[in-house]
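For reference, the structure discussed in these notes is given below.
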Protein chains: 2
Amino acid sequence: MQAAKASTGATRGLGGRSRVTIADVAEDLGVTKSTVSRALNGYPDIAEATRLRISRAAERLGYRPLSHAQAIRTGRVRSLGLVLQIDNEDSARPFLANFIAGVTQAASLENWTITIATAEDEQGVRETLSRLVDEHKADGFILPRTLLQDARVETLRAQNVPFIMFGRTADPTGCAWYDIKGEDALRTATTRLASLGHKRIAHVPGGAEYTYSKLRIEGYRDGLAAAGIAYDPELIAPPAMNRRAGDSATRALLALPEPPTAITFAVDRAALGAYQAAHALNLRIGADISVIAYDGVPEGAYANPGLTTFEVNSRQAGERLATMLIERIRGTPPEELRELAPPTLVERGSDRPPRLTSAALAERLKTQTNI
Amino acid sequence: MQAAKASTGATRGLGGRSRVTIADVAEDLGVTKSTVSRALNGYPDIAEATRLRISRAAERLGYRPLSHAQAIRTGRVRSLGLVLQIDNEDSARPFLANFIAGVTQAASLENWTITIATAEDEQGVRETLSRLVDEHKADGFILPRTLLQDARVETLRAQNVPFIMFGRTADPTGCAWYDIKGEDALRTATTRLASLGHKRIAHVPGGAEYTYSKLRIEGYRDGLAAAGIAYDPELIAPPAMNRRAGDSATRALLALPEPPTAITFAVDRAALGAYQAAHALNLRIGADISVIAYDGVPEGAYANPGLTTFEVNSRQAGERLATMLIERIRGTPPEELRELAPPTLVERGSDRPPRLTSAALAERLKTQTNI
DNA sequence: CCCCTTGCCGAAACCGGTTTCGGTAGTTTT
DNA sequence: AAAACTACCGAAACCGGTTTCGGCAAGGGG
């Protein structure tokens, strides 16, 4: 039957000839499996000389333990889980490659691997996540795109599985996280615009369900306060997460009786919509209307003028998240695993001193539409 | 001791309380583990009634087999491996999210998962790959970015581990693949430019190590032949994989005594360099010089004029690769797992009838530089 | 009525590791 | 010198599944 099986052309799984097992190492040295196992795992009841002999022999024979064979007893598969939501259009395209690179690199330092899965929507993410938990495909999870109320967090917390968030959430109990201080970015953006001479500065937030949207609004308001500008609720547009929504948000803001001369955006993609709107309204970005956003998407660099924005180092984020999650899995309490990193400003051409006052801008827009 | 362990604050791995095992299911029904196992895995020597009782009980108790527990005996971890090379700048940024989405989606249909890793260079990819093979982290691998001479292929072939390529390679023995017919794209691009009236059509290939570069050059030459245009080796530039190289390749081509009025590019990013070159030389893309490329990167849509290119459906590619690899792992011979998909043309503004002849273009460039 | 199949399932080995439990030899204490 | 430790390692159980082997009962053929 063996022969028949082989003749079907079926590959016999990996490593056709039987690999070297712990028993082989043990036999080679005339000790038992248990001794080898304890020696290799650093148990204290193994003589130093023995440990050395064993690790040398393991090296020489090319022994590599099978993580899934270990897992059956230890319950650790040495893998980090990552469930991504890939939805239409937006999603974190450029972000992804570097982020994954960071995660995998940090993980492989400890000889861990990444188990990755995707889903279309929140529902799908939850289902996929619990499937991975049920089948124990990973020892812990990295949660990107955290929401103020996050069902994933509650699920994992309830089931007592380790996780770390890329972002923050409303209820921090039991949570570890790494995040970029988007609030600082928006504070800086606002004060920067103010010091350029802008008096009416608007903000287009991200989706209300995301924690970062709330934080960035706070940063915007802090910036206003620091610049001594009164907060005007009219200058906060409805949420915009993509080009189209950014376009209409911009138009709405410019249609105000006292339009802003500068707009801050929670996300770059929405800011790119402002370019469309400006073009349609015959305004020039960086002259008639200034823009600062956040994310650092590559398209921003090729826009005309270049989009001034805050870049996030997603590679570093991936690295930190992976190493922190491994620590978490090894027992470090979540309260000790919380890190915030600063965003970095990338100055391009979209933010300049205002060429017109708000009133002049309003006037120009009015006469123009009358044509 | 249990208590002491728990009190360290260490999370006890996943699923704190002991999960339901195959033994639980067996005991619940008063049968043995072996019966349950065979029933659930569709062995023929289990009565239909029994199989039904067992699968119902498994469902009711919420039994999910641990893939790593199965793996220890079966040698199958139900996971597909993917080692990505993430190098500086270029790399397949936008491609990645959709590709991964496709792969994971197809894999999860069969309840398989993806184990992903990254490396900086070819050397690193090979090392990572063999580590994953040694530790049997995946049952098979998807190889993107295939080279004419691909060390990964040789390694995997030698070790008899299943794999499938995204792309083709010089020696196809034992290889399964899925690929987009880039040669067809370049053939179409060339004949299209010819029918627009272009007589001098150039080509800027990709890196010579990639299989697709060779194929696309062949497609270009086929297109020339079909259009009845003589092949001129001068019109094949040195390889260009990014904006900067595309810029200088374009300049070199335009500096020829008989410059091309149209240029085809193996990759979009290089074509975007032509926009820079054109701008610097005071030429207009889509008027003085036409361009068609290949890849479908998002920046191409925002270039001015939009870049005419061939889009690859990387999500579909991921799906096909995953399902084909699973078939391969299950024993389908590689010769039966070879698929080629057509690219789709995206018409934008970069390809138009020539405004000037080659001679006129040369004249203009000469006088211009003289200024 | 006996023998031989066939269908179905239990018993036990097995996969490759980890971990518990003792046991032996050497060393220290009394 | 006997007793009590200590350091080190072997024997065996164990983890959660899969797979081999064999046995029993029912059915069919002679």
Side-chain angles (χ1 to χ4, degrees), chain A residues 1-2 5 12-15 17-54 57-58 61-78 111 134-137, chain B residues 1-2 4-5 12-15 18-54 57-58 61-78 111 134-137:
Chain A
M1 298 309 118
Q2 307 265 66
K5 205 167 180 182
R12 291 165 300 173
L14 303 187
R17 62 211 151 295
S18 57
R19 24 177 308 122
V20 19
T21 74
I22 195 172
D24 297 332
V25 180
E27 193 185 4
D28 184 85
L29 260 55
V31 297
T32 58
K33 294 193 305 177
S34 60
T35 305
V36 176
S37 174
R38 281 177 304 197
L40 260 29
N41 290 317
Y43 277 55
D45 63 344
I46 297 292
E48 194 50 38
T50 310
R51 184 194 315 288
L52 222 63
R53 273 174 57 218
I54 291 181
L61 299 177
Y63 168 66
R64 310 288 292 261
L66 290 177
S67 64
H68 55 265
Q70 307 185 113
I72 178 182
R73 190 77 224 262
T74 64
R76 293 270 165 81
V77 293
R78 299 180 75 84
N111 248 291
D134 281 351
E135 301 182 357
H136 199 151
K137 289 285 194 173
Chain B
M1 302 314 116
Q2 307 265 66
K5 204 167 180 182
R12 292 166 301 173
L14 302 187
S18 58
R19 24 178 309 123
V20 17
T21 74
I22 196 172
D24 297 331
V25 179
E27 193 185 4
D28 185 84
L29 260 55
V31 298
T32 60
K33 291 194 305 176
S34 59
T35 305
V36 176
S37 174
R38 282 177 305 199
L40 261 29
N41 290 317
Y43 277 57
D45 62 344
I46 297 292
E48 194 50 37
T50 311
R51 184 193 314 288
L52 222 64
R53 272 175 58 219
I54 291 180
L61 299 177
Y63 168 66
R64 312 286 292 261
L66 290 178
S67 64
H68 55 266
Q70 307 186 111
I72 178 182
R73 191 76 224 263
T74 63
R76 293 270 165 81
V77 292
R78 299 180 75 84
N111 248 291
D134 281 352
E135 301 183 357
H136 198 151
K137 290 286 195 172

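A note on names: the letters A, B, ... follow the listed sequences, proteins ahead of strands, and every chain is numbered from 1.
Put simply, CD1 on I22(A) is 8 Å from C1' on dG16(C), counting in whole angstrom units. Atom-to-atom, CD1 of I46(A) to P of dT19(C) comes out at 13 Å; the value is rounded to the nearest Å. The CG-C1' distance, from D24(A) to dG17(C), rounds to 13 Å in whole Å. One can place CZ of R19(A) at 14 Å from P of dC15(C), the figure rounded to the nearest angstrom. Between the NE2 atom of H136(B) and the C1' atom of dG17(C) there is a distance of 15 Å, given to the nearest Å. Atom-to-atom, CZ of R76(A) to P of dC15(D) comes out at 18 Å; the value is rounded to the nearest Å. In this entry the distance linking CG of L66(A) with P of dG16(D) reads 18 Å, nearest Å. Distance, H68(A) NE2 to dG16(C) C1': 8 Å, rounded to whole Å.
Atom NZ of K137(A) is separated from atom NE2 of H68(A) by 11.0 Å, given to the nearest 0.5 angstrom. Here the CZ-CG distance, from R38(B) to D45(B), works out to 5.0 Å after rounding to the nearest 0.5 Å. Taking CG of L29(A) as the start and CG of L61(A) as the end, the distance is 8.0 Å to the nearest 0.5 Å.
Residues passing the salt bridge (charged side-chain N to carboxylate O under 4.0 Å, His left out) test with R64(B) are D134(A), E135(A), sequence neighbours excluded.
The shortest heavy-atom contact between A57(B) and D28(B) is CB-OD2, 4.4 Å. Residues Q70(A) and P65(A) share a closest heavy-atom pair of OE1-CB, 3.7 Å.
Using a 4.0 Å cut-off, no side-chain N or O of T35(A) falls inside it from OP1 or OP2 of dC9(D). Checking the phosphate oxygens (OP1, OP2) of dC8(D), no side-chain nitrogen or oxygen of T50(A) falls inside 4.0 Å.
Checked by atom type and distance alone, the side chain of T50(A) never pairs as donor or acceptor with a backbone atom of I46(A) at under 3.5 Å. Under a 3.5 Å cut-off, the side chain of H136(A) and the backbone N or O of G75(A) do form a donor-acceptor pair.
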Going through the checks in order, is the side-chain contact (heavy atoms from CB on, under 4.5 Å) test met by T32(A) and T35(A)?
CA-CA 5 Å; T32(A) 58; T35(A) 305; 3.1 Å; yes

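Along DNA chain C, the nucleotide nearest to E48(B) and the one nearest to A69(B) differ in position, and the one closer to the 5' end is contacted by E48(B).
Minimum atom distance to the side chain of T74(A) is reached by dT19(C), of the listed dG17(D), dG17(C), dT19(C). Considering only side-chain atoms of V31(A), the nucleotide from dT19(C), dG10(D), dC15(C) that sits closest is dG10(D).
Among the heavy atoms of the strands lying under 4.0 Å from S37(B) is at least one base atom, whether or not backbone atoms are also near.
Overall bending of the helix from dC1(C)-dG30(D) to dT30(C)-dA1(D), expressed as the angle between end axes built from five pairs apiece, is 50° (10° steps).
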For every nucleotide of nucleotides 20-25 of chain C, 5' to 3': is a protein heavy atom under 4.0 Å from its base (B), only from its sugar-phosphate (S), or from neither (-)?
BB----

